[in-house]
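So the structure is just underneath, and the comments pick up after that.
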Amino acid sequence: MPVFEDVELVLDVDTVTPYRQKQELRQLITRNGGHISYLVTRKSKFVVVNSTENSRKSFKCKAAKAYGIPVVYSDFVYACVQEGHLVDYFPFTLTEQECSSAFQKGRIVATATAADSSQRQTQKRSVLKVKIWKVGEEGGIPCFAQDYTVAKYTILKREDRYKNDTHYHVIELHVANAAAPSGQSRYRVSSHSGSLKELDKTGNAERRTLAFFPSVSDCVSFYAEQCKKQQRAPRSLQLAEGTFHSGVGSRQLQKMRAESLAEARDISDGVRHLVERVWNEAHGELTAVLATPVESLALNKVREAEAVLVQLQTALDSRDEHKVAALADDFYRFLPHRVRVPLDNRRDLVRKEELCQLVKDMLCVSEATGWSVRGSTAAKYKALRCDLQLLLNDDLEYAQVETLTSSTSDSAAAAAINITNIYKVKRVQEYVTFRGDLSNRRLLFHSSKVENFLGILSRLLV
């Protein structure tokens, strides 16, 4: 049985840790049956850290403490793998190692007094008097950092069967990543609420409120009280279990949820088929054209080949045949081909430009899979850095594309079109910056060769 079977671990690794070391830790967990989460929930078993200093500032560690989840050093993962089973985590816990270090250095930590407890209770009772700002309805809202972290969030919902709609309420706790300037708060609670029908129509929440706090304790208390308030009568909202509409909440939360979903989502058979098809077509095209394996090419050589194509364009305009022949030799030197064709016309130059772009896409994407053409489909899918979803025949979006396809063709052509599959593509970077409030949004068609979709999915159109 795998060491971490059915065990969910939350990684909280500092930013100075080398990428390879992070990857090694992730692979140790996943290859031994574990699940990696980027959010601390009650299902989490351990929070894994590698730095005492980082853990003191970490909100994941604070959340783990609130849930009673052990915070352990990364040595715990290595020890479990080495022993072949889950070892006693206590020697690896943050508290145990910090206490031992403090004792050796002669530091003694005092326990909280009754007066401290009384003071916290007073703060908790008075925090509810904070000013709540309504976005879009009043001016003078305090400034807050653009660079912030969503430390905690709760998504609540209530079904409206009469209107066939769902009402939602999202509560988030934001923490500025840098110390706040004088006069600004570092902590805030943000709430988004509305109906999913209106959200799909406008792309924005109907109501949004903000509350600002100078201390984290006041902010957490207010956040918890707001969550309880929305779940009590008369609102009676319930926690949204599983996946929920990806457009709710702040842009930062949408990005975080999309990344987490892409990391954890099981790949359907339809998506597996598409990923393998795109990958094999791209690799097959390069294998048939190039005289050397694509993994042996250097990215700077491809860029030099592209520069030669620009010079060839100028040489063709001046009709300098000798220069065209010399530049063609340079191009094939940088990018060896099985069959060399004279680059004496613009059509061939366009094809070679497309080939260079395909090589660059393959180099970038293949690096994430360790250059394994026969690697797992999951690794190839992750390397594309996008979320793919196979739409079902009864999905609303499937019907929209199907209707658009038939309406833009004459009756004879529409009858000849056979739709096999429709996939929905979402890239986190573009999704969170998309202006959903803009009108006149339309679906457009774009056609391309199958091998080009490796680049289209991984970096969009250029």
Exercise for the section: Measure from NZ or CZ of R186 to the centre of the six-membered ring of F212, then state whether that distance is under 6.0 Å and the direction lies within 45° of the axis. Expected result: no

Exercise for the section: Show your working on side-chain contact (heavy atoms from CB on, under 4.5 Å) between L286 and V289 and close with a plain yes or no. Expected result: CA-CA 5 Å; L286 295 178; V289 174; 6.0 Å; no

Practice task
Check the pair V47 / V40 against side-chain contact (heavy atoms from CB on, under 4.5 Å), numbers first and verdict last.
Solution key: CA-CA 8 Å; V47 173; V40 179; 4.1 Å; yes

Exercise for the section: Decide if atom NZ of K163 counts as having more than 12 heavy atoms of other residues, nucleotides or ligands within a radius under 6.0 Å. Expected result: no

Handout entry: Separation of K449 NZ from E281 CD (nearest 0.5 Å)
Key = 10.5 Å

Practice task
Hey, could you give me the NZ/CG distance between K197 and D160, rounded to the nearest 0.5 Å?
Solution key: 8.5 Å

Fill in the blank from the handout: Residues E172 and G249: closest non-hydrogen pair is OE2-CA, 3.3 Å

Handout entry: Residue pair F222, V130: steps toward the side-chain contact (heavy atoms from CB on, under 4.5 Å) verdict
Key = CA-CA 9 Å; F222 182 82; V130 68; 3.5 Å; yes

Fill in the blank from the handout: Residues F76 and V87: closest non-hydrogen pair is CE1-O, 3.6 Å

Completion exercise
Y168 and L237 have their tightest heavy-atom pair at C-CD2, 4.4 Å

Exercise for the section: Give a yes or no on this: more than 12 heavy atoms of other residues, nucleotides or ligands lie within 6.0 Å of atom NZ of K22. Expected result: yes

Exercise for the section: Output the distance between atom CG (L391) and atom CD (E402), rounded to the nearest 0.5 Å. Expected result: 11.5 Å

Exercise for the section: Starting from the C-alpha separation in whole Å, work towards a yes-or-no answer on side-chain contact (heavy atoms from CB on, under 4.5 Å) for K301 and L335. Expected result: CA-CA 7 Å; K301 294 295 183 183; L335 213 59; over 6 Å; no

Fill in the blank from the handout: Minimal heavy-atom distance between L363 and A298, with the atoms involved, is CD1-C, 4.5 Å

Completion exercise
In terms of heavy-atom contacts, D361 and G455 come closest through OD2-CA, 3.1 Å

Problem - Side-chain donor-acceptor contact under 3.5 Å, N421 with H273 - result: no

Exercise for the section: For residues E306 and C356, report the shortest heavy-atom separation together with the two atoms involved. Expected result: CG-CB, 3.6 Å

Practice task
Check V72, I36, I29, T30 against L9 for a side-chain contact (heavy atoms from CB on, under 4.5 Å) and give me the one that passes.
Solution key: I29

Exercise for the section: Using only heavy-atom distances, determine whether the side chains of D387 and Y381 contain a donor-acceptor pair under 3.5 Å. Expected result: yes

Exercise for the section: Please determine, by modelled atom types, if R158 and H167 share a side-chain donor-acceptor pair under 3.5 angstrom. Expected result: no

Problem - Under 3.5 Å side-chain donor-acceptor pair for S74 and N50 - result: no

Exercise for the section: Kindly check if the number of other-residue, nucleotide or ligand heavy atoms within 6.0 Å of CD (Q27) is above 12? Expected result: yes

Handout entry: Side-chain donor-acceptor pair present, T154, Y223, cut-off under 3.5 Å
Key = yes

